[in-house]
Structures are given as structure tokens and as C-alpha cells.
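Reckoned from all heavy atoms, side chains included, excluding hydrogens, waters and symmetry mates. All of these numbers come straight from a predicted model, not from anything done at the bench. All residue numbers refer to positions in the sequence shown, counting from 1.
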Amino acid sequence: MTPAGLQPFAPASAHDLLRRNLGVHGPGGLVLPLVGTKLIDLPVSTLPGLG
């Protein structure tokens with residue numbers, strides 16, 4: 001395996017990147033991070049001085 005910093009850069013459109021990532025991670029890879037962020041945000045917003 002080659003470290004990511006040593007791999008050649010290949011520019012791609014946002015559409016191509018989204019299609020590739022959905023193929024690799026499935027639709028859960030798009031939805032799950034949003035749900036996880038909300039689950040972290042809910043308790044943090046109740047802390048005094050942070051919400």
C-alpha cells in the first residue's frame with residue numbers, strides 16, 4: 001500500500017467523487033455522518049456557555 005501523500009493526484013468532478021464514494025460506502029456513508037454529528041450536537045448544546 002502506498003501512503004496517500006505519495007499517490008499521484010487525479011482531479012475529478014464532484015459528481016464523479018460522489019458516485020465513487022456511494023459505490024464504496026453505500027448510502028449509509030452519506031447519511032450516517034450527518035446523524036452522528038446531530039447525536040453529538042444534542043448533548044453538547046445543553047452545556048452552559050456552549051449552546
Notebook entry, point to check: What's the spacing between L30 CG and L18 CG if we round to 0.5 Å?
Noted result: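 If we round to the nearest 0.5 Å, L30:CG and L18:CG are 6.5 Å apart.
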Next item on the list: Starting at NE2 of H25, measure out to CZ of R20 and round the result to the nearest 0.5 Å.
Entry: 7.5 Å
Next item on the list: Determine, using the 4.5 Å side-chain heavy-atom cutoff (strictly less than), whether L39 and V31 are members of one ILVMFWY cluster.
Entry: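 Yes; V31 is reachable from L39 via cluster members.
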Checklist line | For P27 against L22, the heavy-atom pair lying closest together | finding: CA-CD2, 4.0 Å
Item checked: For P33 against G28, the heavy-atom pair lying closest together -> CD-O, 3.8 Å
